[in-house]
Enquirer: 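Can you read through this structure? Questions will come right after.
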Amino acid sequence: MRINKATRDNILAALAATYGGATTALEYGSPFELLVAVVLSAQCTDTRVNIITSRLFPAYDTPAKMLGLGEEGLAELIRDCGLYRAKARNLIAACAMLLEDYGGEVPGNFDDLTRLPGVGRKTANVLLSQLFAVPAIAVDTHVFRVARRLGLATGKTPEQVEEGLMKVVPRHDWSDAHHWLIWHGRKICKARRPDCEGCPLKELCPSAFK
DNA sequence: CTCCCGATAT
DNA sequence: ATATCAGGAG
């Protein structure tokens, strides 16, 4: 669904006004902790990730400490977030790579981040924008769904939606717009039963149920 | 494309 | 019962 520039700018202004102070819901105390939290957040609510990390981070807050857990030990601690074997395997391998190649620090560029096992395009963009103030639009399930419903972007893949959003959102708003779309997706524009009646964008949205 | 996967909402 | 949740790897 294509929309004109005036409508698009009104939508972006309304999102900014409604979700202006939005930021991540993931709780973390260091770049490494955010890396772990974002990997755990795949196909899992942020609320549950925070429950898990509140038990994990006090004892395992560095690559060296987490590596000492081993896959089995880590898997047991993160079991409740689902996909736990793959996440444990990837995180342990990522800890080893961080120590081996990056001095135990989280690298600050896209290519190095996506070399880490379990870190793909979306996670890398989250870390770049959140940790290094690099303008980026991480397209997760909410951003993908909401951007398309609002007519801000088209395309069949997250990467296509990311490209579309970068064209219509001013660069200095990329990181913020990512959070606006996530919170709108959580609170109003939900996957299963969107609350179009209570939506502040219902007059502007090409997908609104009227 | 399939697989990984438990917790929660509907 | 089923869809969905801050995806990524093979």
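A note on names: the letters A, B, ... follow the listed sequences, proteins ahead of strands, and every chain is numbered from 1. All values reported here derive from a predicted model rather than from experimental measurement.
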Enquirer: Between B/dA7 and C/dG8, how far is it from one P atom to the other, in whole Å?
Expert: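 Pairwise P distance, B/dA7 against C/dG8, rounds to 23 Å.
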Enquirer: Can you check the A/L77 CG to B/dG6 P distance for me, whole Å?
Expert: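 Interatomic distance, CG of A/L77 to P of B/dG6: 16 Å.
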Enquirer: Using whole Å, report how far CZ of A/R145 lies from C1' of C/dC5.
Expert: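 After rounding, the reported distance stands at 10 Å.
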Enquirer: Between A/R121 and A/E162 (salt bridge meaning N to carboxylate O under 4.0 Å), is one present in this structure?
Expert: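 A salt bridge links A/R121 with A/E162.
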Enquirer: Whole Å only: how far is the OH atom of A/Y84 from the C1' atom of B/dA7?
Expert: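 Going from A/Y84 (OH) to B/dA7 (C1'), I get 13 Å.
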Enquirer: On DNA chain C, check which nucleotide each of A/R89 and A/T23 is closest to and give me the residue with the more 5' one.
Expert: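 With A/R89 and A/T23 compared, the 5'-side residue is A/T23.
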Enquirer: Return the polar atom pairs (N/O with N/O) between nucleotides 8-10 of chain B and the protein under 3.5 Å, or none.
Expert:
| from | atom 1 | to | atom 2 | distance (Å) |
| --- | --- | --- | --- | --- |
| B/dT8 | OP1 | A/R48 | NH2 | 2.5 |

Enquirer: Base, sugar-phosphate, or nothing for A/V143, non-hydrogen atoms under 4.0 angstrom?
Expert: nothing
Enquirer: Looking at A/R115 and A/D111, is any side-chain nitrogen of the basic one under 4.0 Å from a carboxylate oxygen of the acidic one?
Expert: no
Enquirer: Flag yes if more than 12 heavy atoms outside A/E76 fall under 6.0 Å of its CD atom; otherwise flag no.
Expert: no
Enquirer: For C/dC5 and A/S41 - does any side-chain N or O of the residue sit under 4.0 Å from the phosphate oxygens OP1/OP2?
Expert: no
Enquirer: Is there a donor and acceptor pair, one atom on the side chain of A/T24 and one on the base of C/dA6, closer than 3.5 Å?
Expert: yes
Enquirer: Send over the distance from A/N90 CG to C/dG10 P, rounded to a whole Å.
Expert: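 Rounded to whole Å, this separation is 8 Å.
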Enquirer: Which is true for A/G82 with a 4.0 Å heavy-atom rule: it touches a base, it touches only sugar-phosphate, or it touches nothing?
Expert: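 Contact class for A/G82: base.
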Enquirer: Does anything in residues 126-142 of chain A reach DNA chain B, meaning a heavy atom under 4.0 Å, and if so which residues?
Expert: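 The stretch gives none, as no residue of it lies under 4.0 Å from the strand.
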Enquirer: In the structure I gave you, are the side-chain heavy atoms of A/L56 and A/L69 within less than 4.5 Å of one another anywhere?
Expert: yes
Enquirer: Taking the C1' atom in each of C/dA6 and B/dT2, what is the distance between them to the nearest angstrom?
Expert: 22 Å
Enquirer: Does the distance from a Lys or Arg side-chain N to an Asp or Glu carboxylate O, for A/K187 and A/D195, drop under 4.0 Å?
Expert: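 Looking at A/K187 and A/D195, the cut-off is not met.
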Enquirer: Whole-Å distance between C/dT4 C1' and A/I182 CD1?
Expert: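 Checked: the CD1 to C1' distance equals 15 Å.
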Enquirer: Check the pair A/V134, A/F110 against side-chain contact (heavy atoms from CB on, under 4.5 Å), reporting the backbone distance first and the verdict last.
Expert: CA-CA 10 Å; A/V134 175; A/F110 184 86; over 6 Å; no
Enquirer: Would A/H179 count as stacked on C/dA6 if the rule is ring centres under 5.5 Å and plane angle under 30°?
Expert: no
Enquirer: Can you confirm whether the side chains of A/T47 and A/N50 place a donor and an acceptor under 3.5 Å from each other?
Expert: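 No, no side-chain donor-acceptor contact under 3.5 Å.
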Enquirer: Find which nucleotide of DNA chain C each of A/T47 and A/G118 is nearest to by heavy atoms, and output the residue with the more 5' nucleotide.
Expert: A/T47
Enquirer: Could you check how far CG of A/L91 sits from P of C/dG8, rounded to whole Å?
Expert: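 Result: 12 Å.
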Enquirer: Let me know the distance between CD of A/E71 and P of C/dA9, rounded to the nearest Å.
Expert: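 Result: 15 Å.
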Enquirer: Any chance the rings of A/H179 and A/Y19 have centres within less than 6.0 Å?
Expert: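 Between A/Y19 and A/H179, which both carry aromatic rings, the centre distance is not below 6.0 Å.
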Enquirer: Kindly give the heavy-atom pair with the smallest separation between A/F32 and A/D61, and that separation in Å.
Expert: CD2-O, 3.4 Å
Enquirer: Quick one: list whatever passes side-chain contact (heavy atoms from CB on, under 4.5 Å) with A/A42, sequence neighbours left out.
Expert: A/K87
Enquirer: How many whole angstroms separate atom CG of A/L40 from atom P of B/dC5?
Expert: 13 Å
